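For reference, the structure is listed below as structure tokens.
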Amino acid sequence: MPPPKDVVKIAIQMVGAIPQLIELQQSKPLAAVLKDWAAGMESLTDQEAERLYSGIQSNNVDVKTESLKKLASLSQDVTFAREFINRNGLKQIFYIVEEGNDTGEILAHTLKAFMELMEHDFVSWETLSAAFIKKIVSYVNMNAMDASVQQLSMSILENMVPSSRVLFELVKKEVTVDRLLTHLQVTNVQLQLKATALLIALLLAATDAERRVWGSGQHWGANIIHSSEPLGDEMAHYLYVLQSLSLNLHEHRMRTSMDPYSQEQRDLLQSLRQAAFESENDAPAGTFSTERRRSLCAKEFRKLGFMNNSNPAEDLRRAPPGLLALDNMVYFSRHTPSAYSRFILENSSREDKHECPFARSSIQLTLILCEILHIGEQCSETAQAFYPMFFGQDHFFEELFCICIQLVNKTWKEMRATQEDFDKVLQVVREQITRTLTLKPTSLELFKTRVNALNYSEILKLRQTERLHQEETLAVPVLELRERLKPELLELIRQQRLLRLCEGTLFRKISSRRRQDKLWYCRLSPNHKVLHYGDVEEGVHSPPIESLTEKIPVADMKALLVGKECPHTKEKSSGKQNKDVLELAFSIVYDVEEYCLNFVAPTRYEFCLWTDGLNVLLGKEMTSERTQTDLDILLSMELKLRLLDLENISIPDNPPPVPKPPSNLNFCYDFSHAEQ
């Protein structure tokens with residue numbers, strides 16, 4: 001008997017499941033069809049959860065292994081995870097771990113399944129038993145243990161630490177920093193990554209006092225920095241966080257003003273004077289009267305460069321840089337006494353208007369270094385900017401100050417500066433430091449060499465070169481030519497943006513709780529009609545378009561949202577939302593139901609390319625700052641090529657006047673007569 005005409009068969013496949021062929025009755029409402037199908041799928045999910053729950057308890061090793069492997073895969077689905085947990089499945093996983101009879105592949109699959117189940121936040125981390133936690137800790141502390149098990153164990157502990165202070169104290173007690181440093185020295189990149197992630201989680205949860213006890217962290221990343229393996233984005237981010245947390249240990253001193261009634265702080269201030277003018281203070285205490293001694297001290301503090309020489313503590317009342325400036329001056333005087341004495345005595349012998357004030361320069365330089373190194377700022381969730389020379393260097397900030405304060409004196413002399421030029425000199429010094437830091441020197445010695453080579457005359461040359469590159473000829477004909485070239489070059493930029501979308505980009509799923517390992521890929525079809533996207537495994541950089549199962553027709557796209565307008569940024573509380581994530585977030589609104597596909601771009605550059613490309617698909621203007629930058633570069637290049645023959649020729653603002661017509665045209669050749 002032939003099937004009814006209003007019944008068709010269609011195939012439906014869920015991610016990770018076998019395709020199903022179902023009969024669709026076209027006369028039946030779509031909502032009813034979907035409800036029936038969902039009920040059937042829920043029933044299948046219940047059956048699968050029950051089957052795997054039984055399988056992981058099997059005495060057959062092969063059945064148990066296969067069941068745990070499939071459990072780890074299916075647990076990514078929130079519906080399946082809920083059903084499995086409702087069957088008290090986590091208790092069985094705890095039993096497998098706590099018994100400790102299974103190792104290797106079975107244990108790895110068990111821990112992987114546990115991680116995926118906990119990812120959905122159905123169960124609190126605080127409910128874990130002490131026996132389970134100690135077992136996980138033991139896997140991290142063992143020397144002879146499967147690397148995959150150790151990686152998963154460290155990921156579990158990384159998630160536990162931020163959950164509560166009790167769990168943090170437990171992990172801190174059981175997993176020592178020395179043990180984690182051992183893992184950082186191995187050649188396994190993934191093990192290094194997980195150990196660094198756990199170390200960062202511990203540092204983020206710790207107080208400043210606890211971080212000081214553990215150390216500044218400058219030696220922790222040295223082995224990773226000097227490894228032959230290239231650093232991935234995630235490791236670069238962890239090194240940035242490690243650097244930020246270590247430098248932020250200076251924040252308290254930076255924000256603390258000097259207390260003129262503190263004997264300890266007054267002694268530090270006096271030690272600066274005594275170190276500089278030791279030979280002049282050899283006279284017995286009773287030789288001078290109190291008034292005479294006070295006058296001598298004021299004179300010496302003036303030579304040291306304090307603006308308020310009668311009460312130098314007033315110069316250090318400004319915070320920032322606060323007491324951090326005093327700490328730096330004292331460190332410089334004690335660890336490089338010859339350079340300190342040379343700085344003070346050299347400027348004491350100059351004319352008053354040309355002397356470089358040591359104390360005033362030190363206070364301002366400390367503030368500049370704090371701003372450049374972002375001391376006191378919250379760690380970004382996505383930044384990867386770290387300085388290789390930070391790692392492997394004791395007292396990094398103080399040593400950097402010692403180099404830079406001598407640079408101030410050197411630049412002051414090169415500029416032949418007076419007291420009125422103080423701000424100009426410090427601006428040049430800031431530029432010297434920032435330009436040198438962009439070169440990413442690997443050691444402070446290399447930094448010192450390069451920053452000293454970048455003298456004032458070099459800065460002037462660089463400024464002039466950049467100014468010449470930025471300045472365009474402003475003659476009216478050239479401006480008109482620019483306007484004529486713009487449409488052609490904007491079309492070139494549009495095509496480049498669409499080509500970039502066709503290549504696709506790897507996006508990382510970021511939650512408010514932690515930086516996750518899950519990745520997904522999105523790319524535009526070659527005919528620019530469909531967006532393809534889907535989850536991918538770690539290490540896959542450019543998956544074929546056929547493997548991306550999810551699709552959005554470009555015709556269904558309604559709008560592009562960015563920043564705070566995106567739904568995935570509105571869901572998070574403003575306190576937890578990081579400014580950098582807001583700057584990288586965008587969403588596509590599609591379909592009549594106005595669904596959203598949410599993105600967090602890996603970099604600002606990718607954000608600009610994607611938002612521009614999506615605006616092109618929507619028929620809108622490209623609005624990113626990258627569009628303007630690219631347009632300026634292309635316009636500059638095209639103008640220079642077209643005006644190459646006019647080099648050193650001045651272009652008038654107005655065209656030359658058209659001459660009057662001649663009185664007769666007898667000088668013209670008569671072509672018609674020639675043809676006859």
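All values reported here derive from a predicted model rather than from experimental measurement.
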Looking only at non-hydrogen atoms, find the nearest pair between Val451 and Gln432 and report the distance. CG2-O, 3.7 Å
Counting C-beta onward and ignoring hydrogens, is there a side-chain heavy-atom pair between Leu400 and Phe447 closer than 4.5 Å? yes
Would you say Met389 and Leu446 make side-chain contact, with heavy atoms under 4.5 Å? no
Qualifying residue, where the test is ring-ring contact (aromatic ring centres under 6.0 Å, His included) with His250 and the options are Phe397, Tyr331, Phe396: Phe397
Please name all residues satisfying ring-ring contact (aromatic ring centres under 6.0 Å, His included) with Phe599, sequence neighbours left out, ordered by chain then number. Phe507, Trp520, Phe586, Trp610
Check: Thr629/Asp632 side-chain N/O donor and acceptor closer than 3.5 Å: no
Heavy-atom pair with the smallest gap, counting every atom of Phe306 and Leu269: CZ-CD1, 3.7 Å
Return yes if some donor-acceptor pair links the side-chain N/O of Tyr340 with the main-chain N/O of Leu272 below 3.5 Å, else return no. yes
How long is the straight-line distance from OG of Ser362 back to CG of Asn328, given to the nearest 0.5 Å? 8.0 Å
Between the side chain of Arg430 and the main-chain N/O of Ile368, is any donor-acceptor distance below 3.5 Å? no
Distance-only side-chain donor-acceptor flag, Gln270 / Arg273, under 3.5 Å: yes
Can you confirm whether more than 12 heavy atoms, excluding those of Lys299, are under 6.0 Å from its NZ atom? no
Would you check, one step at a time, whether the test side chain to side chain contact (heavy atoms under 4.5 Å, CB included) holds for Ser361 with Ile405? CA-CA 7 Å; Ser361 300; Ile405 193 61; 4.1 Å; yes
If you round to the nearest 0.5 Å, how far is CZ of Arg450 from CG of Leu439? 5.5 Å
Under 3.5 Å: donor-acceptor pair, side chain of Gln419, backbone of Glu355: yes
Would a 4.5 Å heavy-atom cut-off, applied to side chains only, mark His374 and Ser244 as touching? no
Do you know which two heavy atoms are closest between Ile200 and Val241, and how far apart they sit? CG2-CG1, 3.6 Å
Look at Glu458 together with Arg435 and state whether they make a salt bridge at an N to O cut-off of under 4.0 Å. no
Enter the distance from Asp327:CG to Thr366:OG1 here, rounded to the nearest 0.5 Å. 9.0 Å
Any side-chain to backbone donor/acceptor pair from Arg626 onto Tyr605? Under 3.5 Å, distance only. no
Could you give me the CA-CA distance, side-chain angles and deciding distance for His335 and His395, then say whether side chain to side chain contact (heavy atoms under 4.5 Å, CB included) is met? CA-CA 11 Å; His335 290 79; His395 305 289; 5.8 Å; no
Carefully, step by step, assess Thr418 and Glu420 under the rule side chain to side chain donor-acceptor pair (under 3.5 Å). CA-CA 5 Å; Thr418 62; Glu420 289 76 16; 3.0 Å; yes
Which distance, rounded to the nearest 0.5 Å, do you find between the SG of Cys356 and the CZ of Phe422? 7.5 Å
Side chain of Trp412, backbone of Ala417: donor and acceptor closer than 3.5 Å? yes
When rounded to the nearest 0.5 angstrom, what distance separates CZ in Arg294 from OG in Ser310? 10.0 Å
Backbone N/O of Gln384 and side chain of His237: donor-acceptor pair under 3.5 Å: no
Verdict with supporting geometry, Ser257 and Asp259, side chain to side chain donor-acceptor pair (under 3.5 Å): CA-CA 6 Å; Ser257 301; Asp259 180 6; over 6 Å; no
Okay, side chain of Glu583, backbone of Arg604: is any donor-acceptor separation there less than 3.5 Å? no
Taking the side chain from Ser333 and the backbone from Val330, do they hold a donor-acceptor pair closer than 3.5 Å? yes
Could you tell me whether a side-chain N or O of Tyr240 sits under 3.5 Å from a main-chain N or O of Ser380, the two making a donor and an acceptor? yes
Is there a donor-acceptor contact under 3.5 Å from the side chain of Glu431 to the main chain of Gln427? no
If you count every heavy atom of other residues, nucleotides or ligands that lies below 6.0 Å from Gln263 atom CD, does the total exceed 12? yes
If we only count heavy atoms from C-beta on, is the Val166 to Leu170 side-chain gap below 4.5 Å? no
Could you measure the distance from the CE atom of Met415 to the NE2 atom of His354? Nearest 0.5 Å is fine. 12.5 Å
Are Lys424 and Val428 packed together at the side-chain level, in the sense that at least one heavy-atom pair is separated by less than 4.5 angstrom? no
Check ion pair Lys448-Glu445 (N to O, under 4.0 angstrom): no
Using side chain to side chain contact (heavy atoms under 4.5 Å, CB included), reason through Lys194 and His183 one step at a time and then give a plain yes or no. CA-CA 9 Å; Lys194 298 302 179 185; His183 288 302; over 6 Å; no
Before accepting this row, confirm whether a basic side-chain N of the pair Arg165/Glu210 lies closer than 4.0 Å to the acidic partner's carboxylate O. yes
Considering non-hydrogen atoms only, spot the tightest contact between Glu377 and Asn248 and give its length. O-ND2, 3.2 Å
Could you walk me through whether Asp315 and Met258 pass the side chain to side chain contact (heavy atoms under 4.5 Å, CB included) test, one step at a time? CA-CA 9 Å; Asp315 288 24; Met258 181 168 181; over 6 Å; no
Give the minimum heavy-atom separation between Asn309 and Ala298, together with the two atoms involved. CB-O, 3.2 Å
What heavy-atom pair brings Val408 and Val425 nearest, and what distance separates the two atoms? O-CG1, 4.3 Å
Any cation-pi pair here, Lys303 with Phe358, using under 6.0 Å and within 45°? no
Are any of the side-chain heavy atoms of Cys608 and Glu625 separated by less than 4.5 Å? yes
Report yes if some heavy atom in the side chain of Arg317 is under 4.5 Å from a heavy atom in the side chain of Pro260; otherwise report no. yes
Kindly indicate whether the side chain of Leu323, heavy atoms from C-beta on, has any atom under 4.5 Å from the side chain of Leu268. no
Check this for me: Glu264, atom CD, are more than 12 non-hydrogen atoms of other residues, nucleotides or ligands nearer than 6.0 Å? no
